[in-house]
Protein chains: 2
Amino acid sequence: MKRNSRLSLALHTLSHMAGEPDRMRTSTDIADHAGTNPVVVRRVLGKLREAGLLTSEKGHAGGWRLARKPQDISMADVYLALDERLVASDEISAAPACSIEHALHKRVSGVLEEIEQSLVKKLGETSIAEVRGA
Amino acid sequence: MKRNSRLSLALHTLSHMAGEPDRMRTSTDIADHAGTNPVVVRRVLGKLREAGLLTSEKGHAGGWRLARKPQDISMADVYLALDERLVASDEISAAPACSIEHALHKRVSGVLEEIEQSLVKKLGETSIAEVRGA
DNA sequence: CCATACGTAACTTTTATAGTTGCATTAGTC
DNA sequence: GACTAATGCAACTATAAAAGTTACGTATGG
């Protein structure tokens, strides 16, 4: 188990799906391949479904499939769907007691926000269809 | 207690020190101001000492002081001294079993490394003496 | 009607970090 | 020289976030 494996799991799974977009995959299949648990897979892919990247079907022949063409799903789409915020944090800073702390927080979070944006931009340059081609 | 408060603690403390560079501060003073524990302070500031940003003195009139002029210590110096790597991770990825995972990891860590660099660059633009002036 | 899938809630396990305690060492002060 | 007050460090505990697990409800194709 590692920290922040959700993004890895999501990207890994979608990259595979990009190869065979029509194939339906079950949570169990995906979990086995990724070395994790079906419930974890459903948790992660559920967020991608909410974001419109995937569709899921219940019942006997159910499973997961891409909701769009692989070329139309960028790594940024995946990242944003998971609410990751790898760099910046959304924490509501509890009333900075001292003015220096306040100024510091403002400046640091400004920098982190810029970096967060450029991360999204960079991730937006690659679609999940392009991942395999190193 | 919050995640990754070490950088906050370090920057906050050094920003204060930048205002009165000659004043000697004890771990206990600093901990009280920051709302934490003297040992935690020594752990964090110890890394800054290793990096040559601070000096410490033992004994009766001991404590902590800047080792350089405040103008000559950037936020990047502090960040790097702590080995933070907020964006990229140093994890040795345990032999990716599948080729897609391999390609993915290569691409993602490439992006993260670039972003990490630009974070350091951005942090390098501000010295701890400049923090107070929002 | 039954097998198989997702959806979700509740709980347990794991891991990183902060926090704490205790003690050795060092250095001023009386 | 004894005393006091500081850092240095090791070992332990506490907390919180994330992953993993179990259990069960719901839907659906055969």
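Letters A, B, ... are given to chains in the order of the sequence lines, protein chains preceding strands, and every chain is numbered from 1.
Note: CZ (Arg23(B)) to P (dA6(D)) measures 13 Å, nearest angstrom. In this structure, Leu7(A) atom CG and dA18(D) atom C1' are separated by 15 Å, rounded to whole Å. Distance CZ (Arg65(A)) to P (dA5(C)): 14 Å, rounded to an integer number of Å.
The residue among Ser27(B) and Arg43(A) whose nearest nucleotide of DNA chain D lies closer to the 5′ end is Ser27(B).
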Table of protein N/O atoms under 3.5 Å from nucleotides 22-30 of chain D N/O atoms:
unit_1	atom_1	unit_2	atom_2	d
dT28(D)	O2	His60(A)	N	3.2

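Within a heavy-atom distance below 4.0 Å of DNA chain C, the residues of residues 44-55 of chain A found are Arg49(A).
Residues that satisfy the side chain to side chain contact (heavy atoms under 4.5 Å, CB included) test with Lys121(A), not counting sequence neighbours, are absent from this structure. Partners of His60(B) under the side chain to side chain contact (heavy atoms under 4.5 Å, CB included) rule, at least two apart in sequence or in another chain, do not exist in this structure. The side chain to side chain donor-acceptor pair (under 3.5 Å) search around Glu114(B) returns Lys122(A), not counting sequence neighbours. Not counting sequence neighbours, the partners of Ser74(A) by the side chain to side chain donor-acceptor pair (under 3.5 Å) test are Asp77(A). Contacts of Glu113(B) classified as salt bridge (charged side-chain N to carboxylate O under 4.0 Å, His left out), with partners at least two apart in sequence or in another chain: Arg85(B).
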Residues 62-73 of chain B side chain polar contacts: donor-acceptor under 3.5 Å, at least two apart:
unit_1	atom_1	unit_2	atom_2	d
Trp64(B)	NE1	Ser27(B)	OG	3.2
Arg65(B)	NH1	Asp22(B)	O	2.9
Arg68(B)	NH1	Asp72(B)	O	2.7

Please list, one pair per line, the donor and acceptor atoms closer than 3.5 Å that link side chains of residues 29-40 of chain A to other protein atoms, with sequence neighbours excluded.
unit_1	atom_1	unit_2	atom_2	d
Asp29(A)	OD1	Thr26(A)	OG1	3.4
Asp29(A)	OD2	Thr26(A)	OG1	3.2
His33(A)	NE2	His12(A)	NE2	3.2
His33(A)	NE2	His16(A)	NE2	3.1
Asn37(A)	OD1	Val39(A)	N	2.9

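Residue-level contact check: Thr28(B) touches neither bases nor backbone, having no heavy atom under 4.0 Å from any strand.
Using a 4.5 Å heavy-atom cutoff, the side chains of Leu7(A) and Val44(A) are not in contact. Side-chain atoms of Arg107(A) and Met75(B), non-hydrogen and from C-beta on, do get closer than 4.5 Å to each other.
Phosphate contact (OP1/OP2 of dG8(D), side-chain N/O of Ser56(B), threshold under 4.0 Å): present. Between dA19(D) and Thr36(A), no contact under 4.0 Å exists linking OP1 or OP2 to a side-chain N or O.
Minimum atom distance to the side chain of Arg6(B) is reached by dT17(C), of the listed dC6(C), dG19(C), dT17(C).
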